[in-house]
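A short worksheet on the structure shown next.
Bear in mind that the values here come from a model prediction, so they are computed numbers and not experimental data. Letters A, B, ... are given to chains in the order of the sequence lines, protein chains preceding strands, and every chain is numbered from 1.
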Number of protein chains: 2
Amino acid sequence: MKAIEQAYDVFEDRCPTRLVLDRLADKWALLILDRLKSGPVRFNHIRRDIKGISQKVLAQTLRKLERNGLISRTIFPTVPVTVEYALTPLGRTLTDTVSALTHWAEKNMDAIFAAQRAYDEAYAD
Amino acid sequence: MKAIEQAYDVFEDRCPTRLVLDRLADKWALLILDRLKSGPVRFNHIRRDIKGISQKVLAQTLRKLERNGLISRTIFPTVPVTVEYALTPLGRTLTDTVSALTHWAEKNMDAIFAAQRAYDEAYAD
DNA sequence: TCTCCTTGGTATCTATTGGAAACTATCTAA
DNA sequence: TTAGATAGTTTCCAATAGATACCAAGGAGA
């Protein structure tokens with residue numbers, strides 16, 4: 001049974017994991033997953049929290065995540081209508097990894113900016 | 001000193017961590033970092049291993065990763081010239097997270113494809 | 001009643017990016 | 001002298017990203 005775990009290989013072109021990675025490796029998707037970690041959130045709430053995301057991209061990304069089973073979409077017939085997005089159990093298995101990524105970025109910012117300055121100086125012409 | 005760890009916030013629009021996340025949250029960058037985990041590799045070797053990547057995108061992505069201090073680029077004056085890419089210490093601090101992501105994709109493929117089928121059936125019209 | 005506000009989106013337009021293929025330059029081996 | 005390897009760059013077209021405007025439904029205030 002253990003062999004099945006390695007049935008897929010990301011490095012293979014035709015491997016379907018590539019399609020998954022394609023959907024996951026997206027700045028907005030990662031930010032949304034990180035934002036949903038603490039509980040269900042509404043569309044415009046996410047939009048206000050994740051500063052700079054456009055409505056179109058938010059709607060597209062939410063739909064992608066929903067289609068891939070990572071988040072759920074629940075409509076409440078209030079007035080005006082309320083739509084709540086939440087992590088599914090599958091989505092929850094991802095959040096630790098996603099948080100690690102975003103927090104790595106927060107922690108290592110300074111090192112990265114130093115590297116950028118060094119690079120730009122070295123290759124300036 | 002601990003407060004400094006939270007000096008940046010990915011959810012803020014003007015926060016520079018966004019720029020970092022932008023560079024990291026890229027399918028090809030993740031695959032390259034994962035590929036370099038086991039040691040230095042040459043340009044065409046990476047190209048052959050990561051099936052489907054174009055020369056242009058590989059060159060662009062390597063340059064981005066180099067500029068951000070995650071990988072190093074070493075030229076050996078052999079004939080023909082050899083260029084070796086390797087993880088920097090900074091890059092190595094990222095690989096665990098990156099591996100976690102790619103392997104999550106490999107492991108959860110089936111669940112994701114099941115979700116996609118369910119979604120497509122539900123919304124078919 | 002009229003207008004503005006909210007909700008959660010679509011539609012449209014343009015600018016940037018992505019990918020495929022061809023091209024560069026240098027040297028070796030056949 | 002022609003093909004192959006090295007590590008890229010250039011060019012072109014299609015796909016995506018982002019900004020902006022618009023939509024429908026209903027409530028509140030004037």
Side-chain angles (χ1 to χ4, degrees), chain A residues 11-15 18-19 21-32 35-36 40-68 71-86 119 122-123 125, chain B residues 11-15 18-19 21-32 35-36 40-68 71-86 119 122-123 125:
Chain A
F11 293 120
E12 274 302 320
D13 192 15
R14 295 165 50 196
C15 177
R18 276 287 185 80
L19 300 171
L21 201 61
D22 242 341
R23 270 149 193 82
L24 251 80
D26 167 50
K27 179 181 61 168
W28 299 123
L30 293 179
L31 286 170
I32 291 171
R35 179 63 194 80
L36 291 182
V41 193
R42 281 178 299 104
F43 186 90
N44 277 329
H45 199 144
I46 301 176
R47 193 181 141 214
R48 278 189 293 267
D49 281 358
I50 301 181
K51 310 225 165 62
I53 194 168
S54 72
Q55 285 185 308
K56 191 184 88 172
V57 171
L58 177 55
Q60 279 177 352
T61 309
L62 287 170
R63 207 130 301 138
K64 272 198 315 190
L65 291 173
E66 188 198 354
R67 180 166 182 267
N68 287 276
I71 64 173
S72 63
R73 181 173 181 272
T74 314
I75 303 171
F76 296 97
T78 54
V79 94
V81 68
T82 299
V83 179
E84 224 175 57
Y85 292 92
Y119 182 97
Y123 290 88
D125 36 56
Chain B
F11 293 120
E12 273 303 319
D13 192 15
R14 296 164 49 194
C15 176
R18 277 288 183 81
L19 299 172
L21 201 61
D22 242 343
R23 270 148 192 82
L24 254 91
D26 167 50
K27 179 181 62 169
W28 298 123
L30 293 179
L31 286 169
I32 290 171
R35 180 63 194 80
L36 291 182
V41 193
R42 283 177 297 106
F43 185 90
N44 277 328
H45 200 143
I46 301 175
R47 193 181 141 216
R48 277 189 293 267
D49 281 358
I50 300 181
K51 310 224 167 62
I53 194 168
S54 73
Q55 286 186 308
K56 188 183 89 172
V57 171
L58 178 54
Q60 279 177 352
T61 308
L62 287 170
R63 207 132 300 140
K64 271 196 318 188
L65 292 172
E66 188 198 355
R67 178 165 183 267
N68 287 275
I71 64 172
S72 63
R73 181 172 181 272
T74 314
I75 303 171
F76 297 97
T78 53
V79 94
V81 67
T82 299
V83 180
E84 225 176 58
Y85 293 92
Y119 182 97
Y123 291 87
D125 35 57

Starting at CZ of B:Arg42 and ending at C1' of D:dA5, how long is that distance when rounded to a whole Å?
10 Å

Check B:Ala25 against A:Leu30 and note the closest heavy-atom contact, atom names and distance.
CB-CD1, 3.8 Å

Which whole-number value in Å describes the distance from B:Arg73 CZ to D:dA7 P?
10 Å

It should be established whether B:Arg47 places a side-chain nitrogen or oxygen under 4.0 Å from OP1 or OP2 of nucleotide D:dA7.
no

Out of the candidates B:Leu58, B:Leu65, B:Val57, only one should pair with B:Trp28 under the side chain to side chain contact (heavy atoms under 4.5 Å, CB included) rule; please name it.
B:Val57

In whole angstrom, what separates B:Leu58's CG from D:dT9's P?
11 Å

Using a 4.5 Å cut-off on heavy atoms from C-beta on, say whether the side chain of A:Leu24 contacts that of A:Asn68.
no

How would nucleotides 17-30 of chain D be written as a contact map, 5' to 3', with B for base contact, S for sugar-phosphate-only contact and - for no contact, using protein heavy atoms under 4.0 Å?
BBB-B----SS---

Would you indicate what B:Tyr85 reaches in the nucleic acid, counting non-hydrogen atoms under 4.0 angstrom: base, sugar-phosphate, or nothing?
sugar-phosphate

Footprint ends on DNA chain C, 5' to 3', for atoms under 4.0 angstrom from a heavy atom of chain A, come out as C:dT6 to C:dT12

Which residues pass the side-chain contact (heavy atoms from CB on, under 4.5 Å) test with B:Arg42, sequence neighbours left out?
B:His45, B:Thr82, B:Glu84

Between atom CD1 of A:Ile53 and atom CZ of A:Arg48, what is the distance when rounded to the nearest 0.5 Å?
13.5 Å

Name of the residue among B:Val41, B:Asp49, B:Leu62 meeting side chain to side chain contact (heavy atoms under 4.5 Å, CB included) with B:Ile32:
B:Leu62

So, does B:Arg48 get its side chain near the phosphate of D:dT6, meaning an N or O under 4.0 Å from OP1 or OP2?
yes

For B:Arg63 and A:Tyr119, which heavy atoms make the closest approach, and how far apart are they?
CG-OH, 3.1 Å

For a quick test of reading the model, state the closest non-hydrogen atom pair linking B:Tyr85 to B:Ile71 and the distance between them.
CD2-CD1, 3.8 Å

Reckon B:Arg63 has a side-chain N or O less than 4.0 Å from the OP1 or OP2 of D:dA7?
no

